[in-house]
Amino acid sequence: MKCDDRTIDKASRKMLEITEKENISTAWDRFDALQPQCGFGKLGICCRICTMGPCRIDPFGEGPDRGVCGATADIIVARNLIRMIAGGAAAHSDHGRDIAHTLLMTAEGKTKGYEIKDEKKLKTLAKELGIKTDGRKKNEIAKDVAETLFAEFGQQHGELKFVQRAPEPRKKIWRELGIMPRGIDREIVEVMHRTHIGVDNDAKHLIMHGLRTSIGDGWGGSMIATELSDVMFGSPKPVRSMVNLGVLKEDEVNLVVHGHEPTLSDVIVAAAQDKELLKLAKDNGAKGINLAGICCTANEILMRHGIHIAGNFLQQELAIATGAVDLMLVDVQCIMPAIGQVASCYHTKVISTSPKAKFPNVEHIQFSEEEALPIAKKIVKMAVENFKNRNKKRIVIPEETTDMVAGFTAENVSTILGGKYRATYRPLNDAIISGRLRGAAAIVGCNNTKIQHDYGHVEMSKELLKNDVILVTTGCSAIADAKAGLLDSEKALEYCGKGLREICDTVGIPPVLHLGSCVDISRILMVLTNMVKEGGLGEDISDMPIAGAAPEWMSEKAVSIGFYVIASGAFTVLNPSLPVLGSKEVSELVYDKIKDLVGANFVFEADPVKGAQLMIEHMNKKRKELKLRPMMYTK
Ligand code: SF4
Ligand code: MSK
């Protein structure tokens, strides 16, 4: 595959020319080398749950139609799919658990380098959770909040606390369908039990439990991660920043953080400003210490500190290939096992830090909250000392950077729209009701070597903006749109329909609002809930002219997200397809019939513009059902 076919991003194209010339293997090369990939795996009809298998079902109906145990394609596909949900929900929820742990240790005075930054949010959360705040110190309140939310993971019966935030009709649907999550971990464990050989052998029954598990992620583990990160590290505010590989600096120490959790990266921000380390950088011939990020760790410190973003998922190896990254610090999730190998071609040190995640050819410095700041300083010092080892002749930093605005939340969107003294979603709802805006859409998720890098996100976003749809985004999708200029509050206006442009111009926001990392899709759930509560757009999320999409998804986390998004009532376009096409029953269920149960379904559409048009059609249908006014400017 040629560089231009691999990515639409100019900076990445330049780096791919370099990796090709230097014979450095990237994800795209490995993808090419793996062709053709296994057709059974793609269709979801390979089972290796027990050692009588692996069993593969013939998709053409000419060979075996069931495994050794008798499992049909429907059973095998459903089991594989909900195991993906369990993997994704576990990743998000364990992230939430780790933040709760940091909060608890901080409240007990056992950490170095942390403080509770948003006391107001802590108190609001405490009230919601029924924890007394009057006359109590913030650490006492924080301890109770952390313990209360810890209990959500192991709860055995009842309903999760944050699930209660959902609109009443939504909760009624979940209760009637028996998919209200009882405990976050409990539902994940039950997926593993049900999918063991010889347990749950009814495809629909399996998928319904997958929905329950995913709700425990979106309205449970992910929401805990978001809420407690805001409490610990501060709630984001709109912030200007820059994106793409051009944020790396030739004359400064470049330290790139990559992964997902904000716990270490947030203290790295402080350590990188340490006077002694800055002096050491100068002594080593560098003008300063430049911090940049990849993937969602990047989004976390972008949202709260405006730290520049070097790139999204498929740019992690390309950042190293600039020859200018002195140290890459990784924690968990979406970190390619290949980075150690790529780094070995350069002077770059890669340091893993999570007790849960080690990588080949990567040095490990274990992170602990008790010693967070000293560990962060040690890592920054290593980056500084590695600056002198650069091979200057091999440094190629693409010049591309784009300005962006990030830092939006469910709370500050209402202040931005309604003003400081009457924070409200009213202007947003009114703009939709009056036909100035068609609706709102969320575009989220990863990059995938099967799809031209960033093309899906950017083209889908542009088509929606043109049709007066306001967008919210997170994760690698946000980074793709930012590189294309869609998060720039002035330049992005040229892509907007007249109605959307009027709103963004008046309020001073970009038409694509960056809400943070993958766990922060929980913020999108709250935006939708607040829109329902504001009134005039129906009684439930599924009544509103809204939609979701993941046009380049690849991870199990994205499957869990997709399921909690449709369970919450949002029609969702996916590319690539879920690995379900080997089962008629599961395909029909997730791509159609599930809407009769939860009011929303998935659609698989490979063309992002067509995908956007499907979302627009869906919004038009909902507008008609709600008897909203005709669109003011666009059809
Ligand atoms: Fe084959 Fe059944 Fe074992 Fe799966 S569980 S590998 S279908 S025998
Ligand atoms: S990092 S899950 S590649 S969005 Fe959250 Fe990006 Fe997808 Fe990872």
Side-chain angles (χ1 to χ4, degrees), residues 27 40 44-58 64-80 83-84 87-92 95 194-201 206 217 222 225-226 257-262 265 293-300 302-303 309-317 330-336 442-449 451 453-454 456-457 473-482 514-522 524 549-562 574 576 582-583:
F40 296 95
I45 44 176
C46 171
C47 181
R48 49 176 188 78
I49 275 173
C50 87
T51 60
M52 292 193 288
C55 302
R56 306 188 306 186
I57 305 301
D58 184 342
D65 67 349
R66 55 199 64 216
V68 177
C69 68
T72 58
D74 298 330
I75 296 168
I76 291 172
V77 165
R79 285 197 304 214
N80 287 342
R83 281 195 169 201
M84 288 187 88
H92 283 149
H95 173 163
R194 285 193 193 212
T195 56
H196 187 277
I197 181 176
V199 184
D200 195 353
N201 287 299
L206 284 158
D217 170 358
S222 282
T226 298
V257 295
H258 172 26
H260 275 77
E261 293 182 352
S265 53
I294 303 259
C295 281
C296 283
T297 293
N299 285 323
E300 296 278 1
L302 160 78
M303 295 283 283
I309 299 225
N312 49 9
F313 175 67
L314 279 177
Q315 288 178 290
Q316 57 188 282
E317 294 170 297
V330 301
D331 51 34
V332 288
Q333 300 169 21
C334 305
I335 302 143
M336 292 188 194
I443 306 185
V444 302
C446 326
N447 301 134
N448 186 322
T449 42
I451 298 154
H453 172 227
D454 291 350
H457 296 297
T473 181
T474 61
C476 291
S477 181
I479 301 173
D481 277 1
H514 188 342
L515 268 71
S517 65
C518 298
V519 290
D520 292 334
I521 294 172
S522 64
I524 299 177
E552 299 181 32
W553 75 274
M554 61 88 199
S555 70
E556 290 176 326
K557 291 180 290 171
V559 182
S560 181
I561 292 166
L574 295 178
S583 158

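Values reported hereafter were calculated over all heavy atoms of this structure, with side chains retained and with hydrogens, waters and symmetry mates removed. Throughout, numbering of the chain's residues begins at 1 and tracks the sequence. Both ligands and their constituent atoms are indexed starting at 1 by order of listing.
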Quiz prompt | Residue and atom names of protein N/O/S atoms that fall under 2.8 Å from atom 2 (Fe) of ligand 1 | solution =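 Per the 2.8 Å query on atom 2 (Fe) of ligand 1, atoms found are C69 SG.
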Quiz item: What atoms of ligand 2 come closer than 4.0 angstrom to any heavy atom of H260?
Solution: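 That gives atoms 1 (S), 5 (Fe), 8 (Fe) of ligand 2.
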Regarding [X] and [Y], do their side chains bring together a donor and an acceptor under 3.5 Å, going by distance alone?
X	Y	answer
S522	T226	yes
K557	H260	yes
T473	D481	no
N447	E552	yes

Exercise. Specify side chain, backbone, both or neither for Q333, according to which of its non-hydrogen atoms lie closer than 4.0 Å to ligand 2.
Key: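 For Q333, no heavy atom sits under 4.0 Å from ligand 2.
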Quiz item: Around atom 7 (Fe) of ligand 2, how many protein N, O or S atoms are there at under 2.8 Å?
Solution: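 Protein N, O or S neighbours of atom 7 (Fe) of ligand 2 under 2.8 Å, waters not counted, come to 1.
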Quiz prompt | Sub-4.5 Å side-chain heavy-atom contact between I57 and T72 | solution =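 Result no, sub-4.5 Å side-chain heavy-atom pair not found.
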Exercise. With the side chain counted from C-beta on, respond yes when F313 and M336 share a heavy-atom pair under 4.5 Å apart, and no when they do not.
Key: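 Answer yes - side chains close enough.
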Between [X] (side chain) and [Y] (backbone), is there a donor-acceptor pair under 3.5 Å?
X	Y	value
N299	G475	yes
Q316	C334	yes
S517	E300	no
N448	W553	yes

Practice problem: Starting from atom 5 (S) of ligand 1, find the nearest protein heavy-atom neighbour and note its residue, name and distance. | Solution: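 Scanning the protein heavy atoms, the shortest distance from atom 5 (S) of ligand 1 goes to R79 NH2, 3.5 Å.
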Self-check item: Within 6.0 angstrom of R194 CZ, more than 12 heavy atoms from elsewhere
Solution: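 Enclosed.
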Self-check item: R56, portion touching ligand 1 at heavy-atom distance under 4.0 Å
Solution: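 Within the 4.0 Å criterion, R56 makes no contact with ligand 1.
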